[in-house]
Engineer: 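Pasting a structure here, questions to come.
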Amino acid sequence: MRAPDILLSLLLAGLAAAFPFLVNAYWLHVMIIGMIYAIIAASWSLLAGFAGQFSFGHVAFVAIGGYTAGILAVSLHVPLPLGMLAGIVAAALIGAGVGWTCLRMSGPYLAIFTMAFSEVLRITIVTENEITGGPGGLNVPQLFHAQTDLPYYYLILALLVVSVVGMMLVLASRWGLFFRAIRENEQAAAAAGVKVTRFRILACAIASGVAGLAGGFYAPYIGILTPDVASQDQMGLVVAMAIVGGVETLPGVVAGAIAVEFMVEALRSYGQWRLVLFGLLLLLTMRFARNGLLAPGWLAIRRLAVLQGQRLIRGTAD
Amino acid sequence: MAAAHQSGAPSLSARDLVAGYLPGIEILHGVSVDVLPYEVRAVLGPNGTGKSTLLKVLYGFLKPGAGEIKSGSRVLTGAAPHEMGGYGIVYLPQRPSVFPFLSVEVNLRLGAWRLRSRHGLVREKIERAFAQFPALYEKRHQSAGTLSGGQQRQLEFARSLLLDPNVYLIDEPTASIEPRIATQIYELIQGLAQQGKAILLVDQNIKGALGIADYVYVMRTGSLYTEGKRAEFGEDVELLVSQWLYTHHAPKPS
Amino acid sequence: MTGEHTKRGSSGINGKRALPRRDVLALASAGAAATLPVFGRPARAAEPVKLGWVGPLSPPGGYAEGLLMKYASAMAADDINKQGGVLGRPIEILYQDTRGMAAEGTAAAERLCVQDKVAAIFGEFHSSVALAEMEVVHKYNVPFLACDVWSQEVTAKGYPQVFRNSITFPLLDVMIGDWIVAAGFKNAALLCEQDDIGLAWRKGVADVLTAHKTPFQLYTADPQATDFTAQVLRLKANNPPFDLFLVLYGEAGAYPMTRESHSLGFAPTANTALFVSGGEAVDPTFWKNVGKAGLWLICENVGLPKSAWNDKTKAFVAAFNAKYKTDPPGSAMEAYDAVWNLAEAIKNSGSTAPEAIIHGLETLHWVGTRGLYTYSTSKDPAWAYHQYMDAPESILQYNAQDQSSFDAPIVWPKKYATVPYLYKKPTA
Amino acid sequence: MLDYFLIQSANGIVIGVIYALIATGLTIIFALLKIVNFAHGELYMMGGYFGYYVITLAGVPPLPAVVAAMAISFAFAVAIERGLLTPLYSPGMERKSDYGILITFGLAVFLRNIAIIIFGPFPLRPPSFFDGDLVLGGLIISYDRLVAAGGGLLILVLLIFFLNRTVWGQALNAVSQSRESASIVGINSERMYMFAFGLGGALAGGAGALVAPIYSLSPSMGLVPDTQAFVIVILGGLGSVSGSIIAGILLGLSENLFIAFLPDPNRGPSYANAFGLFIMMLVLLFRPTGIFGRHHAAME
């Protein structure tokens with residue numbers, strides 16, 4: 001990490017810590033939702049962008065994480081933090097299972113298989129309403145009994161940082177190298193001695209576990225968990241967030257998710273036109289700024305910071 | 001070069017082609033070739049030196065960064081590949097370009113795509129092609145993908161002949177084809193030249209290519225190393241070429 | 001209840017001093033600067049009374065009903081403003097699409113409460129979304145007048161901010177159940193969409209039928225389903241045969257279902273009656289979609305029956321018809337009256353403060369398009385709390401094709417009935 | 001019991017033909033452009049509305065209106081392809097399938113929601129093709145359903161004839177097998193992509209116009225057919241038209257029988273959609289490229 005990076009990171013950290021005191025409770029809520037999406041989108045990016053498995057069923061693991069925590073808390077009175085942990089484990093295990101199941105698939109077959117998995121799960125949640133609350137929703141108890149969203153904010157901030165930094169460390173390690181090798185060419189990777197099966201499953205398990213974490217937080221924060229969590233619309237939104245941020249950088253994806261969430265909320269005043277505009281924006285972004293909007297923007301900021309920094313150094317040297 | 005022009009005006013000529021697949025990575029650094037009627041011109045050189053890329057650029061699959069391609073007085077630089085047939089140019093890529101899930105007959109019919117509105121003419125031409133390649137007639141209802149490599153090559157030639165082109169760009173016509181059939185294919189190519197076609201042949205099979213070549217280009221790392229008439233190279237040209245190339249691909253003297 | 005102070009306080013910390021910064025940050029992060037209302041301006045003389053409407057305007061929610069409710073709300077605001085508004089201030093309604101999704105409802109309510117600082121929220125169509133929104137209004141202490149949400153949970157939670165001016169399942173189910181027993185049906189099939197509305201409806205009706213010892217069979221189907229051939233054939237082949245087919249489905253499903261059920265000779269026939277619940281059979285394009293299959297169809301109506309119309313009902317129906325070329329369903333009347341209810345409550349207590357509005361609603365005594373509005377303060381049973389107990393409901397049965405729901409004979413309850421019979425068997 | 005089975009099967013086949021019609025469009029688009037069109041259900045929806053307005057505004061009788069709807073859908077799809085999909089053909093484009101998924105997903109959101117504003121939220125129903133029902137003993141099928149199935153079958157037969165017997169159909173097939181080889185024989189691939197997307201749109205639109213009198217039109221009507229079509233094209237093998245037709249009819253049939261015979265009548269229809277998805281997942285497990293699939297993993 002170079003000096004301007006550190007500087008920018010510190011600046012961001014400060015901004016994040018102070019954020020609740022800069023905005024009202026509504027934008028704080030939007031920010032929290034944005035950060036939940038950021039975790040989901042970043043974990044999807046790990047799987048699709050880095051490990052090359054374009055899943056269209058990633059939100060299923062958000063649902064698994066959320067419903068595991070929720071059902072344990074509601075039916076068996078398991079404490080929420082424990083339930084959330086169970087949710088992560090369940091999501092990771094089922095994710096590994098799905099990863100193992102679709103080892104031989106790629107491209108559109110993989111995308112549609114995972115979409116089908118997610119739909120089957122959603123329909124099951126809808127139909128088995130005795131356990132899941134069905135479409136009417138599962139009322140999940142609160143995690144904090146405070147009257148503001150502050151504790152939720154700092155908790156999700158911590159979870160976001162831990163999960164994203166964790167995933168970045170994984171990607172920077174040998175494992176990340178293997179993920180990319182498999183993405184580029186599975187046969188070649190296998191020939192070079194990469195254990196393709198193991199690492200494909202591993203990528204699925206990590207990404208799913210992180211998605212499960214997001215679900216486990218989402219459930220008590222919103223207070224009601226409905227099967228829509230696993231809908232295709234949600235999946236599309238997550239993918240859009242990742243693409244806007246630029247799939248290949250996790251911090252970019254985080255920024256993309258938060259930016260899209262703020263945009264969707266800002267469009268609220270347009271009522272019926274809101275989703276029309278959202279669709280249009282998505283189309284225009286994809287059509288004319290395919291590499292994402294934020295990663296290039298981030299690069300520009302960084303360049304500017306480096307320039308400023310150099311000027312500063314030169315100034316003091318004079 | 002002067003010698004090359006004696007047999008007539010080139011059907012296709014390229015000057016100083018520069019090209020690459022990715023921005024900043026050049027594969028051809030300024031290559032000039034001429035293709036003349038009644039001649040087989042062979043492009044030889046080690047693997048990865050840009051021979052196939054040269055053909056792709058000539059046929060319009062890859063737009064050159066600089067340089068010019070002309071057919072007579074017509075400038076072809078930047079023309080799309082599907083327009084090349086209209087200029088009488090045919091390209092036979094390394095992997096046979098037949099449609100594997102379509103029947104032999106339909107493959108031929110698509111070869112006459114440019115004439116699609118003239119049903120009678122197309123039928124007549126296909127019949128003529130079957131007469132010329134009776135082996136294909138026997139298998140006309142079979143999927144092209146089920147044919148042997150040699151037969152697929154035959155199908156390609158038969159298909160290309162439907163439109164009576166004057167320039168052939170051929171990339172390794174005998175790769176992974178058994179030697180007996182390979183000989184037939186080289187004979188076929190030589191026959192085309194004798195009918196007046198201009199042929200540019202890229203090949204790793206140096207012996208095969210030199211057997212029919214009238215003129216030789218030798219490429220190394222994206223540019224022409226040397227060129228000249230086949231006859232100018234004398235009898236032990238194979239040895240000579242393999243020495244230039246320093247590759248293990250040089251054929252063993254049989 | 002104590003929460004409101006903390007919460008309001010926390011946004012107050014940022015006070016006026018932080019405003020410009022807050023604006024810039026919110027605007028920048030939103031990336032759509034022009035769309036954001038500027039907040040924190042000093043109050044002008046006739047600053048409008050802001051009310052927030054929530055409800056579905058896009059899929060997967062019930063966007064068709066949502067839109068009619070939105071139309072009716074806008075008409076109410078116009079009418080009130082033409083009369084000089086409330087407390088000398090005009091009414092302004094901010095509309096929020098919830099898409100029928102709980103999380104969207106939460107965000108919508110957060111925005112209305114915190115960002116737009118509305119005096120009260122009304123509307124909604126999906127119970128699950130209303131339940132999520134209630135948590136927000138409870139947190140910020142903003143009055144919430146729920147319109148077309150029928151789950152008893154909404155009022156049973158006992159939140160002082162939450163009122164409801166529509167019927168609720170305990171009322172509706174009892175009415176339907178009583179009618180089924182009175183009309184002498186012996187074996188009912190209940191088919192509903194697999195969502196919050198369908199399941200709550202099904203449970204309620206099933207409970208009543210069980211209590212009356214009337215045999216019945218339950219079926220549920222995907223809310224997006226439009227092909228019911230297999231299902232209807234199965235029902236038709238049932239032994240013993242069903243003499244009553246009760247359906248609850250959104251428009252896109254209810255209409256093909258009605259046509260299919262008729263065309264396959266299941267219901268409405270001399271053997272089996274068809275009851276379509278949920279308001280689809282009184283919606284504007286009902287007859288265009290079902291044609292002759294709608295003849296003899298039975299449904300409930302949550303508006304005031306025509307026989308009991310007052311001047312306001314007549315005026316509203318006429319105005320709605322003139323403007324939107326269709327009859328307003330009961331849900332539209334609920335939305336229209338909801339705005340008036342809130343305006344009256346504000347007027348009577350002379351303030352837009354939450355406590356004043358809540359008090360105003362609790363003591364409301366006002367005649368609207370759906371009769372005399374009063375909100376119960378009794379918690380026995382729990383769902384009665386802040387419920388409009390006299391919410392009108394009736395059962396009608398069409399006896400002519402293309403009949404307006406207003407002109408259809410009312411068969412139940414007896415106090416509204418316009419015909420002597422409880423059920424007319426279709427003639428062959 | 002046998003009667004019941006036959007009646008249910010007959011209805012299942014009628015639905016299956018409609019499924020097949022939607023799915024073949026999706027599969028043709030995939031075969032050529034190598035993208036999964038997530039807006040296919042919305043093209044189906046638009047086709048239904050095109051037909052409706054051709055009938056109500058231009059006074060065209062219902063059957064010719066289906067043809068008109070297909071023509072308009074074709075033009076509409078071509079406009080979409082020109083406006084949004086051309087970046088797919090540029091040689092420098094990376095991650096083509098991601099682009100395809102997202103751009104069509106955005107299109108689906110846009111079309112579904114603008115349809116509410118343009119066409120209104122309430123279901124609309126065009127007049128019947130022919131009023132009444134065919135009654136054969138216990139079998140009752142409305143003439144609208146028969147026309148839809150018959151019309152669908154006719155379109156499918158014409159499509160197969162077109163693809164196999166005409167030089168344009170063969171050229172489409174050729175481009176789907178190799179874009180490079182197609183260029184070599186002089187076929188302009190990009191024009192074929194445009195044509196394929198238009199054809200896919202016309203097939204979806206025709207299906208929408210055919211089912212409009214049966215199911216009514218609503219802005220969200222594309223949601224379920226979209227999922228069904230995915231199931232079908234996977235079962236049939238992405239890119240295989242005949243596979244899609246067979247799989248479509250089989251899916252319609254098996255879903256109907258699933259609802260008709262599942263012992264738990266309450267859950268049956270609720271799980272009906274999951275049933276097809278589940279079968280598809282099983283098939284993919286054993287044949288990762290579908291039953292009749294050629295290997296078409298990525299765009300060249």
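The sequence lines fix the lettering, A, B, ..., with proteins before strands; numbering per chain opens at 1. Since this is a predicted model, take the numbers as computed values, not measurements.
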Engineer: How long is the straight-line distance from CZ of F101(B) back to OG of S240(D), given to the nearest 0.5 Å?
Structural biologist: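 That separation rounds to 10.5 Å.
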Engineer: To check you understand the geometry: which heavy-atom pair defines the closest contact between A171(D) and W113(B), and what is its length?
Structural biologist: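 Heavy-atom minimum between the residues: CB-CZ3, 3.4 Å.
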Engineer: Would you say F278(D) has more than 12 foreign heavy atoms packed within less than 6.0 Å of its CZ?
Structural biologist: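 Check fails, neighbour count at 12 or below.
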Engineer: Measure distances from K56(B) to the heavy atoms of chain D and classify the residue's part below 4.5 Å as side chain, backbone, both or neither.
Structural biologist: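 The answer is the side chain of K56(B).
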Engineer: Of all of P100(B), G85(B), G86(B), which one pairs up most often with chain D through heavy atoms under 4.5 Å apart?
Structural biologist: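 Ranked by contacts with chain D, first place is P100(B).
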Engineer: Taking only residues two or more places apart in sequence or in another chain, which ones pass ring pair (Phe, Tyr, Trp, His ring centres under 6.0 Å) with F130(B)?
Structural biologist: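 Testing F130(B) for ring pair (Phe, Tyr, Trp, His ring centres under 6.0 Å), a comparison that skips the adjacent residues, returns Y137(B).
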Engineer: Taking E180(D) for the side chain and S97(B) for the main chain, is one N or O donor matched with an acceptor at less than 3.5 Å?
Structural biologist: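 No.
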Engineer: With side-chain contact (heavy atoms from CB on, under 4.5 Å) as the test, would you mind laying out the steps for F99(B) and Q170(D) before giving the verdict?
Structural biologist: CA-CA 10 Å; F99(B) 303 107; Q170(D) 289 160 352; over 6 Å; no
Engineer: For H82(B) versus I187(D), what's the shortest heavy-atom pair and its separation?
Structural biologist: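 So the minimum-distance heavy-atom pair works out to CB-O, 3.4 Å.
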Engineer: Rounded to the nearest 0.5 Å, what separation is found between the OG atom of S176(D) and the CG atom of L102(B)?
Structural biologist: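 Between S176(D) OG and L102(B) CG, I get 7.5 Å after rounding to 0.5 Å.
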Engineer: Given a strict heavy-atom distance threshold of 4.5 Å, which part of Y21(B) is in contact with chain D: side chain, backbone, both, or neither?
Structural biologist: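 For Y21(B), there is no contact with chain D at all, as no heavy atom is under 4.5 Å.
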Engineer: As an exercise, state the distance from OG of S183(D) to OH of Y59(B), rounded to the nearest 0.5 Å.
Structural biologist: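 The OH atom of Y59(B) is 7.5 Å from OG of S183(D), to the nearest 0.5 Å.
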Engineer: For residues L110(B) and V185(D), report the shortest heavy-atom separation together with the two atoms involved.
Structural biologist: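 Nearest pair, atom of L110(B) first, then V185(D): O-CB, 3.6 Å.
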Engineer: To the closest 0.5 Å, what do you measure between CD1 (I184(D)) and CE (M84(B))?
Structural biologist: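 Taking CD1 in I184(D) and CE in M84(B), the distance rounds to 12.0 Å.
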Engineer: Under 4.5 Å from any heavy atom of chain B, what part of R191(D) do you find: side chain, backbone, both or neither?
Structural biologist: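 Neither part.
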Engineer: Answer yes or no: are there more than 12 heavy-atom neighbours, outside R140(B) itself, under 6.0 Å from its atom CZ?
Structural biologist: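 It does: R140(B) CZ has more than 12 such atoms within range.
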Engineer: Please state whether the side chain, the backbone, both or neither of R95(B) comes within less than 4.5 Å of a heavy atom of chain D.
Structural biologist: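 Neither the backbone nor the side chain of R95(B) comes within 4.5 Å of chain D.
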